[in-house]
K.L.:
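Below is one structure. I have some questions about it.
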Amino acid sequence: MSLLHISSHARPSLLRWHPDRLADMGTAFARHWMCSKMKRLIGSVLLGSLFAAPIAANATPVLVLDADTHQVLVQEDAGVPWYPASTTKLMTAFLTFEALRDGEISLSTPLTMTKKSVSEAFLESGLSQGQAMTLEDALYAMIVASANDVAMAVAERVGHGEAPFVEKMNEAARRLGMTGTHFSNPNGLFDKNNYTTARDLAILGLAIEKQFPQFQNFFQVSAVSINGKEIPSNNLLLTRYRGTTGMKTGFLCASGRNFVGVARRDNRRLMVVVMGATTERERNERSAKYLDEGFEGRLPSSFGTVESIANRPEVKPEDMRVRLCTNQSVQYEASREAMYPMGLPGQPSYLNDEIPGIVHRITTWQNEAAAADVPLPSPRPVENNAPRN
């Protein structure tokens, strides 16, 4: 009698063992076969886990809180480090507001584009070395249009150089209790040492709201026009979600699409922080949905205050580049659309208001003394992955 009777389909699960032969010479073969089968099974599980990793790791930080009481309504991984992208500019704005408050500068202070500033990546402002504007206009360009070059020029002017300004950024972060944050530049361009958490961004946003209500107008404008070139804000909630008062968006391939937003309805202010969204639709719709649920009282409030959230310095920031800016992005985006379908064709949207936009117009002039040795600004890439906001 043969050792094995194999079914016509040759499936291992249908193999039938002969007991007498297994008791002797077949035992070694059986062990070898079973070991091979287990190896294949373990290999399949590991391969499946690797393939499913983007889906298993779909969770990205989110935080919703009452901006007046600091009571947390929703939080997921709010203490996990993340690359802030252009939400970094909130700290650049905060330090500028401090300098304005302390009389070190004024809104009419001239700000000139330097060789360093116009060498920053992903420029959309159309500015070149030697062009000048008021600090007030520069703040609008930096916050609304998220101009990386202007953010650098602001840092150079306010901090008397990029390096001293970055030192001030980290000192301010310590003062505010942003224990999971480290800054390495004033505009949020990718640097592995430029990281924060949803908790810390909320604390920064709350500090701006509380300490500088006189400067809230900078966050409420939906577009700027620089020498006739209109650049819209990527904060769609300003024109599509009633009560929105700011604050800042951000995007890098490494970070995904981030957002710190504030809205007021019925004398209540809510803040939402969303990090790592895949598309602008996802970022905007999720933010609006959280705000809706918060204003309607459908979110719990058993998480304590935002300050009580523990940052997690032992965790490294997630690098989203493979998922968002490679050939794997299609599969990852599809998984996110399944999780967050709002706003897709045939799905309900939370952005149904029509609010007239506000455009701030900027006209620059030429500072001839600073216009020598003019470099060409780096053009913004055509791809949708170019980080601006």
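Here the structure is a predicted model, which means the values were calculated and not measured. Heavy-atom basis, side chains included; hydrogens, waters and symmetry copies ignored. If you read the sequence from its start, that first residue is 1, and numbering goes on from there.
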K.L.:
Please find the pair of heavy atoms, one from Met113 and one from Ala153, that lie closest to each other, and give the distance.
P.N.:
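Heavy atoms only, the tightest pair is SD-CB, 4.0 Å.
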K.L.:
Determine whether Tyr290 and Leu270 make a side-chain contact, defined as any pair of heavy atoms from C-beta on separated by less than 4.5 Å.
P.N.:
no
K.L.:
Can you measure from OG1 (Thr109) to CE (Met133) and round to the nearest 0.5 angstrom?
P.N.:
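Between Thr109 OG1 and Met133 CE, I get 13.5 Å after rounding to 0.5 Å.
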K.L.:
For Val306 versus Ala202, what's the shortest heavy-atom pair and its separation?
P.N.:
CG2-CB, 4.1 Å
K.L.:
Show, in sequence, the C-alpha distance, side-chain angles and deciding distance for Ile105 and Arg157, and conclude whether the side-chain contact (heavy atoms from CB on, under 4.5 Å) test is met.
P.N.:
CA-CA 9 Å; Ile105 50 177; Arg157 179 65 182 84; 4.1 Å; yes
K.L.:
Quick one: pull up CD in Gln220 and CG in Leu238 and give me the separation to the nearest 0.5 Å.
P.N.:
8.0 Å
K.L.:
Any ion pair linking Glu156 and Lys116 (charged N to carboxylate O, less than 4.0 Å)?
P.N.:
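Judged by the 4.0 Å cut-off on N to carboxylate O distance, Lys116 and Glu156 do not form a salt bridge.
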K.L.:
Looking only at atom types and distance, does a side-chain atom of Ser255 sit under 3.5 Å from a main-chain N or O of Phe251, one as donor and one as acceptor?
P.N.:
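Checking the backbone N and O of Phe251 against the side chain of Ser255, no donor-acceptor pair under 3.5 Å is found.
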K.L.:
Give a yes or no answer on whether the side chain of Glu285 reaches the backbone of Tyr350 with a donor-acceptor pair at less than 3.5 Å.
P.N.:
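Checked: pair present.
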K.L.:
Side-chain heavy atoms nearer than 4.5 Å, only ILVMFWY residues, links allowed to pass through others: does that put Val273 and Leu291 together?
P.N.:
no
K.L.:
Got a donor-acceptor contact below 3.5 angstrom from the Asp77 side chain to the Val80 backbone?
P.N.:
no
K.L.:
Are the side chain of Thr305 and the backbone N or O of His70 linked by a donor-acceptor pair below 3.5 Å?
P.N.:
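Answer holds: no.
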K.L.:
Any chance the side chains of Asn193 and Ser184 put a donor and an acceptor closer than 3.5 Å?
P.N.:
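No, because no side-chain N or O of Asn193 sits under 3.5 Å from a partner of the opposite role on Ser184.
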K.L.:
Please determine if Asp68 and Arg264 form a salt bridge, counting it only when a charged side-chain N lies under 4.0 Å from a carboxylate O.
P.N.:
no
K.L.:
Run the salt-bridge test on Glu98 and Lys168 with the 4.0 Å N-O cut-off and return the result as yes or no.
P.N.:
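No salt bridge links Glu98 with Lys168.
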K.L.:
I need the minimum non-hydrogen distance between Val62 and Ala78, along with the two atoms involved.
P.N.:
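Looks like O-CB, 4.2 Å.
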K.L.:
Does a donor on one side chain and an acceptor on the other come within less than 3.5 Å for Ser335 and Arg323?
P.N.:
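Side chains of Ser335 and Arg323: no pair found under 3.5 Å.
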K.L.:
If we check side-chain hydrogen bond (donor to acceptor under 3.5 Å, both in side chains) with Thr181, which of these qualifies: Thr88, Asp200, Asn170, Asn194?
P.N.:
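Result: among Thr88, Asp200, Asn170, Asn194, Asp200 is the only option passing the side-chain hydrogen bond (donor to acceptor under 3.5 Å, both in side chains) with Thr181.
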K.L.:
Rounded to the nearest 0.5 Å, what separation is found between the OG1 atom of Thr249 and the CZ atom of Arg283?
P.N.:
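Result: 4.5 Å between the selected atoms.
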K.L.:
Would you say Glu104's side chain and Leu100's backbone share a donor-acceptor pair under 3.5 angstrom?
P.N.:
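Judged by distance alone, no pair lies under 3.5 Å.
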K.L.:
Let's go through Met271 and Met247 carefully: what are the C-alpha distance in whole Å and the side-chain angles of both, what is the deciding distance for side-chain contact (heavy atoms from CB on, under 4.5 Å) to 0.1 Å, and is it a yes or a no?
P.N.:
CA-CA 9 Å; Met271 174 176 284; Met247 298 185 75; 4.2 Å; yes
K.L.:
Can a donor-acceptor pair be found between the side chains of Lys248 and Asn258 at a distance below 3.5 Å?
P.N.:
no
K.L.:
Do side-chain atoms of Asp266 reach the backbone of Arg268 as a donor and acceptor pair under 3.5 angstrom?
P.N.:
no
K.L.:
Fit a plane to each ring of Phe97 and Phe215, take the angle between them on a 0 to 90° scale, and name the class: parallel (under 30°), tilted (30 to 60°) or perpendicular (over 60°).
P.N.:
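Plane angle under 30°, so parallel.
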K.L.:
Consider only side-chain N and O atoms of Thr239 and Ser222, and report whether a donor and an acceptor are under 3.5 Å apart.
P.N.:
no
K.L.:
Nearest 0.5 Å, please: how far is NZ in Lys289 from CG in Asn284?
P.N.:
15.0 Å
K.L.:
From Leu139 CG over to Phe219 CZ, what is the distance, rounded to the nearest 0.5 angstrom?
P.N.:
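Between Leu139 CG and Phe219 CZ, I get 8.5 Å after rounding to 0.5 Å.
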K.L.:
With a 4.5 Å cut-off on side-chain heavy atoms, are Thr196 and Met275 touching?
P.N.:
yes
K.L.:
Side chains of Leu95 and Met169, heavy atoms from C-beta outward: is any pair under 4.5 Å?
P.N.:
yes
K.L.:
Please say which of Phe165, Phe183, Phe212 ends up in a ring-ring contact (aromatic ring centres under 6.0 Å, His included) with Phe94.
P.N.:
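Among Phe165, Phe183, Phe212, the one meeting ring-ring contact (aromatic ring centres under 6.0 Å, His included) with Phe94 is Phe212.
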K.L.:
Under the side-chain contact (heavy atoms from CB on, under 4.5 Å) criterion, do Glu296 and Asp292 qualify, and how do the steps go?
P.N.:
CA-CA 6 Å; Glu296 294 168 6; Asp292 261 8; 4.2 Å; yes
K.L.:
Measure the CD1-OG distance between Ile143 and Ser86 for me, rounded to the nearest 0.5 Å.
P.N.:
11.5 Å
K.L.:
Asn311 and Thr197: side-chain donor and acceptor closer than 3.5 Å?
P.N.:
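Yes, Thr197 and Asn311 have a side-chain donor paired with an acceptor closer than 3.5 Å.
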K.L.:
How are the rings of Phe295 and Tyr241 set relative to one another: parallel (under 30°), tilted (30 to 60°) or perpendicular (over 60°)?
P.N.:
parallel
K.L.:
Which heavy-atom pair separates Gln129 from Gln366 by the least distance, and what is that distance?
P.N.:
O-NE2, 3.5 Å
K.L.:
Distance-only, no hydrogens or angles: does the Asp353 side chain make a donor-acceptor pair with backbone N or O of Ile355 under 3.5 Å?
P.N.:
no
K.L.:
If we count only N and O atoms by modelled type, under 3.5 Å, do the side chains of Gln131 and Ser128 hold a donor and an acceptor together?
P.N.:
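Judged by distance alone, the side chains do pair up.
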K.L.:
Do Met152 and Leu189 have side chains that get closer than 4.5 Å, going by heavy atoms?
P.N.:
no
K.L.:
Would you tell me whether Ser146 and Asn234 have side-chain atoms, one donor and one acceptor, within less than 3.5 Å of each other?
P.N.:
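No - no donor-acceptor pair under 3.5 Å links their side chains.
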K.L.:
Taking all non-hydrogen atoms of both residues into account, name the closest pair between Pro164 and Gly159 and its distance.
P.N.:
CB-O, 3.3 Å
K.L.:
Hey, quick one: are Val64 and Val260 part of the same hydrophobic cluster, counting side-chain heavy atoms closer than 4.5 Å, chains of contacts allowed?
P.N.:
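Each belongs to a different hydrophobic cluster.
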K.L.:
Given side chains that start at C-beta, do those of Asp137 and Thr364 come closer than 4.5 Å, heavy atoms only?
P.N.:
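Side chain of Asp137 against side chain of Thr364, heavy atoms only: no contact under 4.5 Å found.
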K.L.:
Have Asp149 and Ser125 got a donor and an acceptor in their side chains that come within less than 3.5 Å?
P.N.:
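On atom types as modelled, these side chains qualify, holding a pair under 3.5 Å.
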K.L.:
Would you say that Leu204 contacts Thr87 through its side chain, given a criterion of any heavy-atom pair below 4.5 Å between the two side chains?
P.N.:
no
K.L.:
Shared ILVMFWY cluster between Leu73 and Leu63, side chains joined below 4.5 angstrom?
P.N.:
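No, Leu73 does not connect to Leu63 through the hydrophobic network.
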K.L.:
Assigning hydrophobic clusters by single linkage (Ile, Leu, Val, Met, Phe, Trp, Tyr; side-chain heavy-atom cutoff under 4.5 Å), is Ile208 placed with Tyr140?
P.N.:
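In one cluster: yes.
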K.L.:
Answer yes or no: is there a side-chain heavy-atom contact under 4.5 Å between Phe303 and Ile309?
P.N.:
no
K.L.:
Could you go through Arg281 and Leu351, starting from their C-alpha distance and side-chain angles, then the distance that decides it, and tell me whether this counts as side-chain contact (heavy atoms from CB on, under 4.5 Å)?
P.N.:
CA-CA 10 Å; Arg281 175 204 59 80; Leu351 298 165; over 6 Å; no
K.L.:
Does Arg199 reach the side chain of Thr179, with side-chain heavy atoms less than 4.5 Å apart?
P.N.:
yes
K.L.:
Report, as yes or no, whether the 6.0 Å neighbourhood of atom NZ on Lys192 holds more than 12 heavy atoms from other residues, nucleotides or ligands.
P.N.:
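Atom NZ in Lys192 is not packed in, count stays at 12 or less.
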K.L.:
If you look at every heavy atom in Thr278 and Glu282, which pair is closest and at what distance?
P.N.:
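Minimum heavy-atom separation between Thr278 and Glu282: N-OE1, 3.0 Å.
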K.L.:
Just by modelled atom types, is the Arg242 backbone N or O under 3.5 Å from a matching donor or acceptor in the Arg265 side chain?
P.N.:
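Yes; judged by distance alone, with no hydrogens or angles, the pair exists.
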K.L.:
Assigning hydrophobic clusters by single linkage (Ile, Leu, Val, Met, Phe, Trp, Tyr; side-chain heavy-atom cutoff under 4.5 Å), is Ile231 placed with Leu236?
P.N.:
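No, it is not one cluster - the side chains of Ile231 and Leu236 are not joined through contacts under 4.5 Å.
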